[in-house]
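Here is the structure we will look at.
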Amino acid sequence: MTTAAESATSLVQSVDWLAIAPPLTAAAVALVVLVADLFVTEARKPLLGYGAVAGLVAALALIIPLHDGDRSTFCLTTGSHACSYTADHFTLVIQALVLGGALLTALLSIGDTRKLPAGEFWFLLLSSAAGAALLPASRDLATLVIALEVASLPAFALVGIKRGDRRSSEAALKFFLSSVTATAVMLLGVSFVYAATGTLHLTDLAGRLDHVDPQLSTLAGAGVALTLVGFAFKTAAAPFHFWVPDTYVGAPLPIAAYLSVVGKAVGFTGLILVTVIAFPAYADVWGPALAVLAALTMTVGNVAALRQSASRAHGAVRLLAWSSVAQAGYLLVPVAAAAYAGERRIGSTVAYALMYAVVNLGAFAVAALVARTRPGNRLDDYRGLYATRPLTALALAFFLLCLAGLPPGIIGLFAKVTVFSAAVDAGLGWLAVVMAVNVVIALYYYLQWTAVLFRAPADGEEAAEGEETAPAVRHRVPAPLTAAIVLTAAAGVVLSGAPQTVLRFAAVSLF
């Protein structure tokens, strides 16, 4: 007969420390940096940034021992034995994406944090990265929501960290209010789902939603819908995208880059987990809804990007912001297709996200370089960049052509092909047509910006008030910023040299 002590012991969940090492390392380094800030003199504050970079490199390295993708921890010891943390291949790929994105953001930030509180900045960035790395491994709704908030809450502060800057404060407020609204809606949905099923584990939800008590079916359906609406806010899908342009413009440029890649990856990861793993029973509901959202999002993003004026202040960042909204629409296509053709279509979203992360971070890195001498960051400020910095101009041209899906950005072309194929194979021909039209629309503004790089500067061109003149572009660029541009360009070139890897990756089941 089992004693009370043995029964209590059987309820204790074991912990696989290696499985949780990547997010745990980022969180531990965040605390170390915050404490170290108390003892480091002002002259040595840059060392905190290099410490943050080292911590992110270590977190990335700890993904390698997990490459088999067969580890789980925090598992129930009775009943279904469902786990709250799973380090499968999907988890590892997304962790590599978000930690790599955070690493490149850190490289962009070193040297640009002189007027910012260094300790707080690096602590917030690492904390957000830890939450972003935890989220893809989350396999119950409670852990998922907590990871999402750990990733999001520090981001609010990072957006508004420029003290005394009205634009930064306004951006942080808009970002905060929209995100809090999304979280409230999501939590209401989660509570409804839990009330209808009695479980929070995603794998258990999939089975129980198939056999919900008829009296609770309306409650369960409302919970699923509200949860998806909450994630739609997080992914910046239209019509929940209104916070994006002002937030990107008001935030420090490295943080805008972080939000465009890591923030987007966090939202899409959560959306994939709840739709594909937890809510397959409602595929006939969320499939058409996500397809419509995808079409609306890519259209709104591209049309708004098309209208950006070359002389408008911060026009380059606004164009990248609207471009990121359009890219979110493309990323939604395979998720919608998964409702019709199975979870394998998710590989197309992940493959596209990896391509987008590399080239979009590269584009923001070049924007950060130009902003050092042209704070207005107008599209006109890029005119003649090839004459002053030919390699930088070529790198930006490559990034823009990848986003457009044109050679030599072969990786962008193949990524779009995988998304297009996912829609066609799922029988969403109308969505494939909408995507094709939007790709053509996007060609105009990407090629227009690319052409500006190679034009001769206008005669008698003068800098805007408060900005340096064009020759100042030759000033020395910080090594970390140069490293970020080189790393993203090299990664893009390597991927473009072996584009078939994208097709293979998109065809693999990640769960």
Side-chain angles (χ1 to χ4, degrees), residues 15-30 52-74 83-107 125-140 143-152 154-155 202 234-235 257-274 276-277 331 346-347 349-358 360-361 487-488 491 495 505-506 508-511:
V15 180
D16 185 339
W17 293 101
L18 182 59
I20 65 174
L24 186 62
T25 300
V29 175
V53 168
L56 290 168
V57 170
L60 275 168
L62 287 168
I63 296 175
I64 298 174
L66 305 173
H67 68 276
D68 289 335
D70 58 356
R71 288 176 176 265
S72 296
T73 188
F74 299 111
C83 299
S84 294
Y85 187 104
T86 299
D88 55 15
H89 290 111
F90 176 79
T91 297
L92 301 182
V93 171
I94 300 299
Q95 284 183 340
L97 190 158
V98 298
L99 291 173
L103 175 60
L104 287 168
T105 301
L107 291 175
L125 179 62
L126 287 165
S127 298
S128 180
L134 171 62
L135 192 139
S138 303
R139 292 298 185 272
D140 70 63
T143 307
L144 191 64
V145 171
I146 291 171
L148 191 62
E149 291 311 298
V150 171
S152 300
L202 303 186
K234 299 292 186 180
T235 58
Y258 179 83
L259 292 176
S260 74
V261 172
V262 179
K264 196 176 298 298
V266 164
F268 273 97
T269 299
L271 185 65
I272 289 169
L273 290 174
V274 296
V276 174
I277 297 181
L331 287 163
I346 296 304
T349 285
V350 178
Y352 195 97
L354 290 171
M355 179 282 301
Y356 168 76
V358 170
N360 207 60
L361 283 168
L487 284 172
T488 50
L495 290 173
F505 190 86
V508 173
S509 178
L510 297 173
F511 293 107

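Minimum interatomic distance between V53 and A106 (heavy atoms only, all atoms of both residues): CG2-CB, 3.8 Å. Minimum heavy-atom separation, L125 to A102: CD2-O, 4.4 Å. Closest approach of P136 to A132, counting heavy atoms only: CD-O, 3.0 Å. Minimum heavy-atom separation, A137 to Q95: CB-NE2, 4.4 Å. Considering all non-hydrogen atoms of both residues, A133 and P23 come closest at CB-CB, 4.0 Å. Closest approach of P154 to S127, counting heavy atoms only: CG-CB, 4.0 Å.
Atom CG in L107 sits 9.0 Å away from atom CG in L56 (nearest 0.5 Å). Remark: T235 OG1 to K264 NZ distance equals 7.5 Å, nearest 0.5 Å. From L495, atom CG reaches atom CG of L354 across 8.5 Å, with rounding to the nearest 0.5 Å. Note that the CG atom of L18 and the CG atom of L62 stand 7.0 Å from one another [nearest 0.5 Å]. A distance of 11.0 Å separates CD1 in I64 from CG in L92, rounded to the nearest 0.5 Å.
Taking the side chain as every heavy atom from C-beta outward, I63 and L99 approach each other to under 4.5 Å. A heavy-atom distance below 4.5 Å is not found between the side chains of F268 and V350. Residues L97 and V261 have side chains in contact (heavy-atom distance under 4.5 Å, counting atoms from C-beta outward). Between I146 and T143 there is no side-chain heavy-atom pair separated by less than 4.5 Å. A heavy-atom distance below 4.5 Å is found between the side chains of W17 and L24. The side-chain heavy atoms of D88 and R139, taken from C-beta on, include a pair separated by under 4.5 Å. Taking the side chain as every heavy atom from C-beta outward, D140 and F74 never approach each other to under 4.5 Å.
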Test side chain to side chain contact (heavy atoms under 4.5 Å, CB included) applied to L135 and V150, step by step: CA-CA 9 Å; L135 192 139; V150 171; over 6 Å; no
Intermediate values then yes/no, side chain to side chain contact (heavy atoms under 4.5 Å, CB included), V266 and K234: CA-CA 8 Å; V266 164; K234 299 292 186 180; over 6 Å; no
Stepwise side chain to side chain contact (heavy atoms under 4.5 Å, CB included) test for F90 and T269: CA-CA 9 Å; F90 176 79; T269 299; 3.7 Å; yes
Criterion side chain to side chain contact (heavy atoms under 4.5 Å, CB included) on V29 and T25, from CA distance to verdict: CA-CA 6 Å; V29 175; T25 300; 4.3 Å; yes
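For the pair H89 (side chain) and D70 (backbone), a donor-acceptor distance under 3.5 Å is absent. Without hydrogens or angle criteria, T488 side chain to L361 main chain gives no donor-acceptor distance under 3.5 Å. T86 places no side-chain N or O within donor-acceptor distance of the main-chain N or O of S72, the cut-off being under 3.5 Å. Judged by distance alone, the side chain of S260 and the main-chain N or O of A257 form a donor-acceptor pair under 3.5 Å.
Results of the side chain to side chain contact (heavy atoms under 4.5 Å, CB included) test with L273 over T91, L144, I94, I346 single out L144 as the only residue that passes.
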